[in-house]
Amino acid sequence: MDERWAIAPEEDGGAVLVALHPDGQPAGEIVREPDLVAAVASRPQVTRWVWRSSAEIYPRLLANGVRVERCYDLENSEGLLLGHEGRLGEPRSAAAAWARLTGAPVPPDPPLRGVVPGEQSSLFEVTAEPVPFEALLRVYADQLRRHQLAEYPDRMRLLTASESSGMLIAAEMDRAGLPWSADAHRQLLTELLGDRFGGTGEPRRLTELADEVSAAFGRRVRPDLPADVLKAFKQAGYQLKSTRRWELETIDHPAVAPLVEYKKLYRIYTANGWSWLHDWVHDGRFRPGFVPGGTVSGRWITNGGGGLQIPKVIRRAVVADPGWRLVVADASQLEPRILAAISRDPALMEVASDPGDLYKAVSDQAFSGDRAQAKIAVLGAIYGQTSGDGLKNLAMLRKRFPLAVAYVDDAARAGEEGRLVRTWLGRTSPPTGHPLDEATLEGPPAEDLPTDARKARAWGRFTRNFVVQGSAADWALLMLAALRQSLTGMKAELVFFQHDEVIIHCPADETPAVTNAIQSASNTAGTLTFGQTPTNFAFTTATVDNYADAK
DNA sequence: TTGGAAGGCGCC
DNA sequence: AAAGGGCGCCTTCCAA
């Protein structure tokens with residue numbers, strides 16, 4: 001019933017494959033077949049395919065109408081195992097893993113990015129070094145052994161299995177695409193930005209706003225040059241540190257309003273304007289190129305197109321096909337609920353057992369009904385707030401939810417002391433010295449602390465957030481896998497995923513079943529990931545024709 | 001010409 | 001209320 005096979009493509013379109021024992025050893029003869037797609041399609045009894053890389057194989061299967069139930073993605077799992085072993089950043093290709101097993105020189109990974117807009121993502125697809133099939137089998141067996149050495153082997157197995165499942169889902173979502181109306185998008189752009197000068201030039205509205213800014217200063221000022229803007233304000237008697245919106249809005253000057261509006265529209269023009277539409281939307285679909293586990297914390301990224309940063313105002317262009325609907329579902333206040341589950345704080349779990357407004361419930365417990373204060377305190381604890389009311393409120397939070405606050409405080413201390421932290425399922429933070437810490441630690445205003453101490457603090461804020469954000473990503477993978485499972489046999493398709501939100505495109509008559517599937521996937525994921533806890537991972541679900549109507 | 005850093009802002 | 005976590009993308013600026 002749990003039948004697993006290893007498979008590898010050959011250059012001529014064929015494949016080599018073999019049945020496997022549970023310990024990864026071959027359970028029969030290695031066979032060669034002339035057609036990879038047929039080899040998979042003719043073995044529906046196989047419940048898990050072990051392969052080097054889903055990106056290498058699965059798009060081809062999907063293009064030929066073949067779906068698989070589960071897979072084990074060797075290179076993705078190698079990355080997770082290396083991370084757990086404190087070796088994040090070492091090459092994770094099958095060739096590298098094989099080289100480490102044999103003591104040969106370890107080849108570096110091929111670069112991750114650089115795909116053409118609109119094409120399928122292609123991790124390791126182009127330049128991956130070939131590995132003998134036997135090497136693949138050996139690496140697999142060794143990975144099974146390394147799972148056993150993990151801090152929590154069962155959780156580690158769940159992690160690699162669910163992220164492998166994420167790989168399948170990513171490929172399926174990219175194949176389906178997010179329904180996108182180019183006409184609606186163009187109409188929206190014209191409403192917001194006006195006609196373009198000469199048909200393809202700068203939009204009229206941007207020109208007008210730039211003129212208003214200049215008029216307010218009494219001289220020509222280019223709003224997209226921060227240095228120019230700062231100089232102009234200085235001459236007008238305002239000493240600003242930056243031209244960030246929140247700082248601009250603290251002063252009273254006639255240039256502020258048109259400037260802020262200009263920035264907003266300029267951003268839409270450059271990031272999601274006509275050229276974006278041309279590059280990224282084809283045949284009524286936007287295909288972002290999802291990359292599961294693309295960030296160290298396990299959140300997904302997209303391979304170009306800014307797929308996870310679609311501005312709210314642009315969502316008007318996401319339109320269901322005729323007779324179809326979009327079921328838009330997002331997990332309510334996910335991160336505090338995750339914190340409840342991982343810290344096992346009884347009071348916070350009690351609060352999180354209610355699907356209703358969590359911040360309201362916290363404020364009833366600890367902030368005499370002040371929801372805003374409660375929200376600041378909770379988010380401050382998760383993010384590592386360093387100043388302001390959050391600190392004062394943190395004391396209150398600590399009193400009522402001691403285990404929850406201690407959990408993130410411990411993670412912060414671990415980071416400050418240079419130790420690793422892990423998500424619930426075992427995804428592990430990068431060691432200090434990872435390129436990330438240089439990037440993270442620049443910046444903030446000079447404190448009265450030596451550089452080293454400031455860096456340690458910043459790294460502590462990172463590890464503090466890592467355990468919550470990353471465990472949320474753990475949960476999301478299992479939720480997606482469960483949801484995919486319950487959608488099999490239906491016409492409904494998963495078409496979008498963004499951290500704590502999913503969109504399913506389905507025929508109108510399937511919407512009740514889809515809505516049920518989401519809540520049950522959420523419950524399943526909660527128990528599978530964290531075991532039995534009272535925590536409720538509530539979803540708010542909206543059935544709409546247009547994404548912009550979802551909230 | 002190209003590549004990286006910095007400024008800024010979109011999403012969660 | 002303050003500017004704390006994770007990202008991507010576009011721009012300008014500057015050095016190679």
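Just so it is clear, the model here is predicted, and its values are computed rather than measured. What's counted below: heavy atoms across the whole structure, side chains too, no hydrogens, waters or symmetry copies. Just so it is clear: chains get the letters A, B, ... in the order the sequence lines come, proteins before strands, and each one is counted from 1.
- Note on residues 403-426 of chain A: pairs passing ring-ring contact (aromatic ring centres under 6.0 Å, His included), not counting sequence neighbours, are A:W424-A:F530.
- Of the side-chain N and O atoms in A:T243, one or more sit less than 4.0 angstrom from OP1 or OP2 of B:dG8.
- C:dG5 has its base anti relative to the sugar, with a glycosidic angle deviating from 0 by more than 90°.
- With rounding to whole Å, A:D330 atom CG is found 13 Å from B:dC11 atom C1'.
- One interatomic measurement links the two molecules: CD of A:E335 to P of C:dC7, which rounds to 13 Å at whole-angstrom precision.
- For A:H499, the side-chain atoms get nearest to C:dG6 when compared with the rest of C:dG6, C:dT11, B:dG8.
- Distances from the side chain of A:I301 to the nucleotides C:dG8, C:dG5, B:dG8 place C:dG8 closest.
- Under the 4.5 Å side-chain criterion, counting only non-hydrogen atoms from C-beta, A:E261 is not in contact with A:E212.
- Remark: P of C:dG5 and CZ of A:R464 are 11 Å apart, rounded to the nearest angstrom.
- Using a 4.0 Å cut-off, no side-chain N or O of A:R299 falls inside it from OP1 or OP2 of C:dG6.
- Between A:Y238 and A:F233, the ring-plane angle classifies as perpendicular under the 30° and 60° cut-offs.
- Looking at the side chain of A:R461, the nearest of the listed nucleotides C:dC7, B:dG8, C:dG4 is C:dG4.
- Across the protein-nucleic acid pair, A:E249 atom CD and B:dG8 atom P stand 14 Å apart, rounded to whole Å.
- When each of B:dC12, C:dG5, B:dC11 is scored by its nearest atom to the side-chain atoms of A:D500, the top-ranked nucleotide is B:dC12.
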Quiz item: Run the side chain to side chain contact (heavy atoms under 4.5 Å, CB included) check on A:R155 and A:D474 step by step: do they pass?
Solution: CA-CA 10 Å; A:R155 297 189 199 173; A:D474 291 349; over 6 Å; no
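- For the pair A:E247 CD and B:dG7 P, the computed distance is 12 Å after rounding to whole Å.
- Ring planes of A:W459 and A:F462: tilted class, angle from 30 to 60°.
- At whole-Å resolution of the value, CZ in A:R427 and P in C:dG6 are 15 Å apart.
- Residue contacts shown for A:Y266 are limited to sugar-phosphate atoms, with no base heavy atom under 4.0 Å away.
- Looking at heavy-atom distances under 4.0 Å, A:L225 makes contact with sugar-phosphate atoms alone, never a base.
- Using a 4.0 Å heavy-atom distance criterion, A:I382 is classed as making no nucleic acid contact.
- Direction change of the helix axis from one end of the helix from B:dT1-C:dA16 to B:dC12-C:dG5 to the other is 0°, with five pairs defining each end axis (rounded to 10°).
- Going from atom CD1 of A:I314 over to atom P of C:dC9 covers 16 Å, rounded to whole Å.
- Phosphate proximity of C:dA3 to A:R245: absent, as no side-chain N or O sits under 4.0 Å from OP1 or OP2.
- Closest approach to the A:R244 side chain among B:dG8, B:dC11, C:dG6 is made by B:dG8 (side chain taken as heavy atoms from C-beta onward).
- Among the nucleotides C:dG6, C:dC10, C:dA3, the one closest to the side chain of A:W246 is C:dA3.
- Among the heavy atoms of the strands lying under 4.0 Å from A:Q498 are primed sugar atoms or P, OP1, OP2 only; no base atom is included.
- Donor-acceptor pairing under 3.5 Å is recorded for the side chains of A:D73 and A:S54.
- The CD-P distance, from A:Q469 to B:dC11, rounds to 17 Å in whole Å.
- Remark: A:I251 CD1 to A:L240 CG distance equals 4.5 Å, nearest 0.5 Å.
- A:D345 contributes a side-chain N or O that, together with a main-chain N or O of A:L403, makes up a donor-acceptor pair within less than 3.5 Å.
- Residue-level contact check: A:T295 touches the backbone only, with heavy atoms under 4.0 Å from sugar-phosphate atoms and none from bases.
- Distances shown here put a side-chain N or O of A:K312 below 4.0 Å from the OP1 or OP2 atom of B:dC12.
- Both A:R222 and A:G306 lie close to DNA chain C; mapped to their nearest nucleotides by heavy-atom distance, the more 5′-ward contact belongs to A:G306.
- Between the CG atom of A:L494 and the CZ atom of A:F290 there is a distance of 9.5 Å, given to the nearest 0.5 Å.
- At the heavy-atom level, A:G305 lies under 4.0 Å from the strands shown only through sugar-phosphate atoms.
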